[in-house]
Each structure stands twice: as C-alpha cells, then as structure tokens.
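Worksheet: one structure, shown below.
The analysis underlying the following values was restricted to heavy atoms, covering all of them including side chains, and did not include hydrogens, waters or symmetry mates. Just so it is clear, the model here is predicted, and its values are computed rather than measured. Numbered from 1 within each chain, the chains take letters A, B, ... in sequence-line order.
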There are 2 protein chains.
Amino acid sequence: MKREENKSRCPINFTVEIIGDTWSLLIVRDMAALGKKTFGEFLDSKERIGTSVLTDRLAHLERKGIIAKRPDPSDKRKFVYSLTDKGIELIPVVYEIAMWGTRNSPDPDAPDVWFEALKRDREEVVRLWIEAVKAGSSFFNGPDSVIARLNL
Amino acid sequence: MKREENKSRCPINFTVEIIGDTWSLLIVRDMAALGKKTFGEFLDSKERIGTSVLTDRLAHLERKGIIAKRPDPSDKRKFVYSLTDKGIELIPVVYEIAMWGTRNSPDPDAPDVWFEALKRDREEVVRLWIEAVKAGSSFFNGPDSVIARLNL
DNA sequence: TTTCTTACTTTGATAATGAAAGTAATATGT
DNA sequence: ACATATTACTTTCATTATCAAAGTAAGAAA
C-alpha cells in the first residue's frame, strides 16, 4: 500500500490521504449513521465491499486512529469496531458530503427521515449526531439517535 | 476508469464516487483556495501530480460537472479551468476536510491566515469563501478573497 | 526561424482492487 | 458429543489504476 506517501503537509492533503479512497468513508458512514460494529455487518452494505479490501481498510483506519478494534466479549470469534474521538470528529465532513450528494444526485436513496433532518438547523443536527455516536447510538439507530432526538 | 460504478444511490457513496480519490479534491482545493486555473498551475503543486493523472482527473471532474474547461482567449495553447456552481457547492466539504486535517495533523502546513480564519465563525468564513470564488477570486488570492474580506 | 512553452499522449513498470475459494477458531443445533 | 454453521479473516490471480518518464503537436516568444 503506497497510499500513505505524505505527499505534503497541507491539511486537506493530510485528510485526503486518510479517507480519500473508495471505501474508508463508507465504513465511517456505516458506523456513524447505521451503528454497524462487526466485520459481517460492514460486508452487508449495498456497495458490496470484498473481504480482502474490508480487512485492509479496517486495518488502515485503525492504524490511523479513526476506529478502535476490541474482541467481542460475548462471541470470541467476533471483533467490535467503534469510532474513536478522531473518527467522531469526521461527522461534520460526512454531513457535508451527504448534503452535497443529496442535493446533486439525480436520484438519492436514503431513509425519509434523512431528508427531514436536512430541513433542520445544520449546527443542531451535527451536534446531535456527535452526541448520538458518543452515547453508543448512531444517526438512525439506537436510543440516543438523531431521529429519536428530533422526533422524526 | 471503473471508478464510476454506481455501487449504490446512497448520497454519501454518490459524492465519494466523484471526489473520493487521491487527486480530485486537491484540484478543487487548488482552484477554490489558490485560484489556480491552468494545467501548468495544477502541475505545480506540492503533491507533484503526474501529467497523465492530471489529464485524467480534469476530464473526470469536467464530465461530472464539477469544473468547466474553456480555451484561453489570450493564449491559444492554454485552457482555463473554473469551478461550476456544483463545484463551488463543494466548498463546505473542503472546509470541513481542511478543518479536520488542521486539528488532527501533527504538523499542518498552511499560510498563517488560514489558522486565523479558523478562529472566525464557520458560517461566515464558508459564505465569504463561496462569494470569493463566485467573484473570480479564491480563499487566499484575488481582490475578493476571504482574507481580504476578513482583513487578515 | 529557431527555441520554448503548454497541454497533452504513450509506454511500461508497479501497485491497488475485486471476485472467489480456502482456513482456523468458535458457536449452535440435535 | 458430534456435525454443521458462522465469523473474521488470508490467499490467489485476473483486472484495473497509478506513476514516472519520454514523446508530440500546436502555438508563442526571441
């Protein structure tokens, strides 16, 4: 993997060298928006990532301090992946990327509540999203989800 | 180029399939932050993009409606590249990516005024940045630049 | 009219991706 | 207890992308 070449110390290049590929941000999305936590759950997304690439991207994100990997106490075959603070800080990036895609895609596919949430104040949605993930929930799922807090 | 595979209609995947690679966002950065406009100017960045990759990425961004390409009226060898409205809409994404990189890079390299601008209100900076590019300037350069408007 | 510049294209080596099959550890059902 | 299933990988190999270097054609500058 030559993708971490440190081409420059530009802050934008720094970020792009970490999440600027086809899969990394989709994994962060699955965690932050859907609350996915295990290898099998990540495999099960619409974009159909392959196992070898998933293994590679998870190791990459872990090495870069975006996610943490722990053994699952209740099933010793499994590992539980979670966003670190650094990973949670990516939520504003993910929000803007989702916003741009929603506005510029000819036919965006997302839960109805996503389009409802976009009508709300950006600052509030981003703040609630960060709080949700810190509380162990995600945008759409869990007791502290954004949609629960906004009553959507 | 298989990078536009339409893996899903998720808004995040839609955006990532357009700008989720090593170079596309750096080109957008060069245009939005530095006001670069020509092939030679893009070649001349710290990250040292190769000519074949630059040609490919410029064609890709043009095809996706992010940038426009016109002949230079004063030098018929040249082309002038500019951000479309769709491209200008990426500025909030670029801002958040730059913000994350600035906060998480161990040794970020950027003009001093960038760090000054980060202390200001996000909404204002993003608004001024969009206005600057629409007026033919960029974040750092031109009569309507963000740093000119903020007196930095 | 020679030389330089610009925006490419071509070539060939190296690296990343993607699909499929394989594996070892652990869990589950009977 | 035993057979089967599941999980998180690893391996293999064909396809595709990237990168560096050299080449090119149109136009500008001296």
Side-chain angles (χ1 to χ4, degrees), chain A residues 1-8 13 16-27 30-31 34-64 67-82, chain B residues 1-8 13 16-27 30-31 34-64 67-82:
Chain A
M1 210 195 292
K2 205 189 48 211
R3 73 173 41 263
E4 31 239 289
E5 222 174 330
N6 240 278
K7 294 190 291 293
S8 82
N13 183 58
V16 166
E17 285 187 355
I18 294 175
I19 58 163
D21 66 85
T22 314
W23 296 108
S24 293
L25 259 186
L26 298 181
I27 293 169
D30 282 351
M31 299 176 88
L34 304 174
K36 292 188 181 180
K37 290 173 162 46
T38 63
F39 195 87
E41 287 173 339
F42 296 128
L43 271 188
D44 196 29
S45 65
K46 278 224 190 71
E47 294 84 7
R48 311 265 71 209
I49 190 172
T51 54
S52 55
V53 178
L54 178 55
T55 299
D56 181 68
R57 294 293 81 194
L58 287 172
H60 163 74
L61 289 171
E62 192 191 6
R63 195 150 26 81
K64 291 295 180 178
I67 65 177
K69 177 185 186 178
R70 300 176 321 221
D72 185 330
S74 68
D75 185 338
K76 285 184 191 162
R77 294 168 306 176
K78 289 188 184 180
F79 293 94
V80 175
Y81 296 91
S82 59
Chain B
M1 209 195 293
K2 204 192 46 209
R3 71 172 42 262
E4 30 239 287
E5 222 176 331
N6 240 279
K7 294 192 288 294
S8 81
N13 183 58
V16 166
E17 285 187 356
I18 294 176
I19 57 164
D21 66 84
T22 315
W23 297 109
S24 293
L25 259 186
L26 298 181
I27 294 169
D30 282 351
M31 299 176 89
L34 304 174
K36 292 188 181 180
K37 290 174 161 46
T38 63
F39 195 88
E41 286 173 340
F42 296 127
L43 271 187
D44 196 30
S45 65
K46 278 225 190 71
E47 293 87 6
R48 310 266 72 211
I49 190 172
T51 54
S52 54
V53 178
L54 179 55
T55 299
D56 180 68
R57 294 294 79 197
L58 287 171
H60 164 75
L61 289 171
E62 191 192 6
R63 194 149 28 81
K64 289 295 180 179
I67 66 177
K69 177 184 186 178
R70 300 176 321 220
D72 186 330
S74 67
D75 185 337
K76 285 182 190 162
R77 294 169 304 178
K78 289 188 184 178
F79 292 93
V80 176
Y81 296 91
S82 59

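Set against C/dA7, D/dA21, D/dT7, the side chain of B/K78 has C/dA7 as its closest nucleotide. Counting only heavy atoms from C-beta on, A/R77 has its side chain closest to D/dT7 among D/dT7, C/dA7, D/dG27. Considering only the side chain of B/D56, D/dT18 comes nearest among D/dA28, D/dT18, C/dA7. Which of C/dA7, D/dT18, D/dC9 sits closest to the side chain of B/V53 comes down to D/dT18.
Nucleic acid contact for B/G50: none, since no nucleic acid atom lies under 4.0 Å from a heavy atom of the residue. At the heavy-atom level, B/Y81 lies under 4.0 Å from the strands shown only through sugar-phosphate atoms.
For the pair B/D72 CG and C/dA7 P, the computed distance is 8 Å after rounding to whole Å. Between A/F79 atom CZ and D/dT7 atom C1' the separation is 10 Å, expressed in whole Å. A straight line from CG of A/D21 to C1' of D/dT16 spans 16 Å, rounded to a whole angstrom. Atom CG of A/L43 is separated from atom P of D/dA8 by 8 Å (rounded to the nearest Å). Atom NZ in B/K7 sits about 7 Å away from atom P in C/dG18, given to the nearest Å. A/E17 places its CD atom 14 Å from the C1' atom of D/dT18, with the value rounded to the nearest Å. Atom CG of A/L54 is separated from atom P of D/dA8 by 9 Å (rounded to the nearest Å). One atom, CD1 of A/I49, and another, P of C/dT17, lie 9 Å apart when rounded to the nearest Å.
In this structure the side chain of A/K7 reaches within 4.5 angstrom of the side chain of B/T22, judged on heavy atoms. B/S45 places a side-chain heavy atom less than 4.5 Å from the side chain of B/K36. Contact check for A/K37 versus A/Y81: no side-chain heavy atoms found under the 4.5 Å cut-off. Put simply, the side chain of A/I18 does not reach to within 4.5 Å of the side chain of A/S24, judged on heavy atoms. Side-chain contact between B/R57 and B/D21 is present, with heavy atoms from C-beta onward closer than 4.5 Å.
Within the structure, a side-chain polar atom (N or O) of B/K69 is placed less than 4.0 Å from OP1 or OP2 of C/dC8. The phosphate of C/dG18 has OP1 or OP2 within less than 4.0 Å of a side-chain N or O from A/W23.
Taking only distance into account, the side chain of A/S52 never meets the base of C/dT17 through a donor-acceptor pair shorter than 3.5 Å. Judged by atom type and distance alone, B/T55 does not reach the base of C/dT9 through any side-chain donor-acceptor pair under 3.5 Å.
Comparing A/R48 and A/D75 by the nucleotide of DNA chain C that holds the closest heavy atom to each, the one mapping nearer the 5' end is A/R48.
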